[in-house]
Amino acid sequence: MQLFRTGYSLGLVNSASLCLRLGLAVAMIPHGYEKLSHFAEQQHSFLNLLGLGSTVSLVLAIGAELFCSIGLMLGFLTRLVLIPLLITALVIVFVAHQGDIAGEGSAGFLLLIGYMTSLLLGPGQYSLDHLISRY
């Protein structure tokens with residue numbers, strides 16, 4: 001029976017990588033867009049990360065949540081764009097929610113696990129990275 005098969009095919013791994021990338025990006029893009037569209041209201045009250053200032057921290061969050069997520073969705077520079085996303089997820093879990101992975105920080109923790117998994121899997125064949133590497 002197929003339910004108990006432990007093997008895998010390359011096509012399924014590539015499909016899983018695509019689903020994971022799309023799901024993670026769709027989950028994060030609205031947060032980045034919301035920050036961008038309310039930039040003026042949030043720039044002085046946003047979390048001041050590592051003494052960089054609220055405005056710089058907000059710009060970095062928007063860059064990761066919106067623009068890096070778009071790159072992740074397209075599979076463009078996948079492993080590179082995952083670095084700011086991983087850092088953002090770490091900040092969400094361990095700074096904004098004090099490591100509460102079972103409560104308020106659970107969504108951030110799931111993003112962190114997803115980003116780490118995507119980093120390990122790579123972009124797969126259904127990505128711009130794969131198209132670029134062919135030439």
Side-chain angles (χ1 to χ4, degrees):
M1 182 173 200
Q2 293 291 341
L3 287 174
F4 301 108
R5 200 177 99 192
T6 58
Y8 60 89
S9 71
L10 190 55
L12 286 176
V13 171
N14 287 315
S15 296
S17 179
L18 174 64
C19 289
L20 182 60
R21 286 193 347 259
L22 292 176
L24 291 168
V26 166
M28 188 57 90
I29 286 173
H31 295 283
Y33 181 76
E34 187 273 330
K35 286 176 179 70
L36 180 63
S37 62
H38 295 99
F39 184 84
E41 299 112 51
Q42 293 185 5
Q43 75 181 47
H44 299 295
S45 61
F46 195 74
L47 173 74
N48 180 1
L49 182 64
L50 301 173
L52 295 171
S54 296
T55 303
V56 172
S57 296
L58 180 58
V59 168
L60 291 172
I62 291 168
E65 293 176 4
L66 183 60
F67 298 109
C68 289
S69 290
I70 291 170
L72 181 64
M73 180 184 287
L74 298 172
F76 181 66
L77 302 174
T78 305
R79 287 192 166 111
L80 184 63
V81 301
L82 279 163
I83 294 168
L85 288 165
L86 277 163
I87 293 168
T88 301
L90 285 167
V91 170
I92 291 168
V93 173
F94 295 106
V95 177
H97 296 291
Q98 294 82 37
D100 183 17
I101 63 170
E104 292 288 320
S106 62
F109 183 67
L110 291 173
L111 286 169
L112 180 62
I113 298 301
Y115 292 144
M116 187 59 82
T117 303
S118 192
L119 183 72
L120 294 170
L121 268 176
Q125 285 186 327
Y126 309 128
S127 66
L128 288 178
D129 287 343
H130 179 72
L131 287 174
I132 292 167
S133 72
R134 291 176 46 190
Y135 298 104

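Keep in mind the model is a prediction, meaning the values are calculated, not measured.
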Asker: Could you tell me whether the side chain of Glu34 reaches within less than 4.5 Å of the side chain of Gln42, counting heavy atoms only?
Answerer: yes

Asker: In the single-linkage hydrophobic clustering (I, L, V, M, F, W, Y; side-chain heavy atoms under 4.5 Å), do Leu50 and Leu90 co-cluster?
Answerer: yes

Asker: Could you check Leu12 against Ser9 for side-chain contact (heavy atoms from CB on, under 4.5 Å), going step by step and ending with a plain yes or no?
Answerer: CA-CA 5 Å; Leu12 286 176; Ser9 71; 3.4 Å; yes

Asker: So do Thr78 and Leu82 actually touch side chain to side chain, heavy atoms under 4.5 Å?
Answerer: yes

Asker: Just by distance, do the side chain of Ser69 and the backbone of Leu66 share a donor-acceptor pair under 3.5 Å?
Answerer: no

Asker: Which pairs of donor and acceptor atoms, one on a side chain in residues 102-121, lie under 3.5 Å apart (sequence neighbours left out)?
Answerer:
{"unit_1": "Ser106", "atom_1": "OG", "unit_2": "Gly103", "atom_2": "O", "d": "3.0"}
{"unit_1": "Thr117", "atom_1": "OG1", "unit_2": "Ile113", "atom_2": "O", "d": "2.8"}

Asker: Heavy-atom distance under 4.5 Å between the side chains of Met73 and Ile29, does that happen here?
Answerer: yes

Asker: Is the closest side-chain heavy-atom distance between Phe76 and Ser127 below 4.5 Å?
Answerer: no

Asker: Between the side chain of Ser54 and the main-chain N/O of Ser45, is any donor-acceptor distance below 3.5 Å?
Answerer: no

Asker: Rounded to the nearest 0.5 Å, what's the gap from CG on Leu128 to NE2 on His130? Could you check?
Answerer: 11.0 Å

Asker: Does Pro123 offer a backbone N or O that forms a donor-acceptor pair with the side chain of Asp129 under 3.5 Å?
Answerer: no

Asker: What's the spacing between Leu36 CG and Leu58 CG if we round to 0.5 Å?
Answerer: 8.5 Å

Asker: Rounded to the nearest 0.5 Å, what separates atom CD1 in Ile101 from atom CZ in Phe94?
Answerer: 7.0 Å

Asker: Under 3.5 Å, side chain of Thr55 to main-chain N/O of Gln43, donor-acceptor pair present?
Answerer: yes

Asker: Any chance you could measure Leu85, atom CG, to Leu80, atom CG, to the nearest 0.5 Å?
Answerer: 10.5 Å

Asker: Keeping Arg21 on the side-chain end and Tyr126 on the backbone end, is there a donor-acceptor pair under 3.5 Å?
Answerer: yes

Asker: Would you find more than 12 non-hydrogen atoms of other residues, nucleotides or ligands less than 6.0 Å from Phe39 atom CZ?
Answerer: yes

Asker: Please find the pair of heavy atoms, one from Ser17 and one from Gly122, that lie closest to each other, and give the distance.
Answerer: OG-O, 2.8 Å

Asker: Check whether any side-chain N or O of Asn48 sits under 3.5 Å from a backbone N or O of Gly53 as a donor-acceptor pair, and report yes or no.
Answerer: yes

Asker: Output the distance between atom CD1 (Ile62) and atom OG1 (Thr88), rounded to the nearest 0.5 Å.
Answerer: 11.0 Å

Asker: Output, in order, the C-alpha distance, side-chain angles, deciding distance and verdict of side-chain contact (heavy atoms from CB on, under 4.5 Å) for Glu65 and Tyr33.
Answerer: CA-CA 8 Å; Glu65 293 176 4; Tyr33 181 76; over 6 Å; no

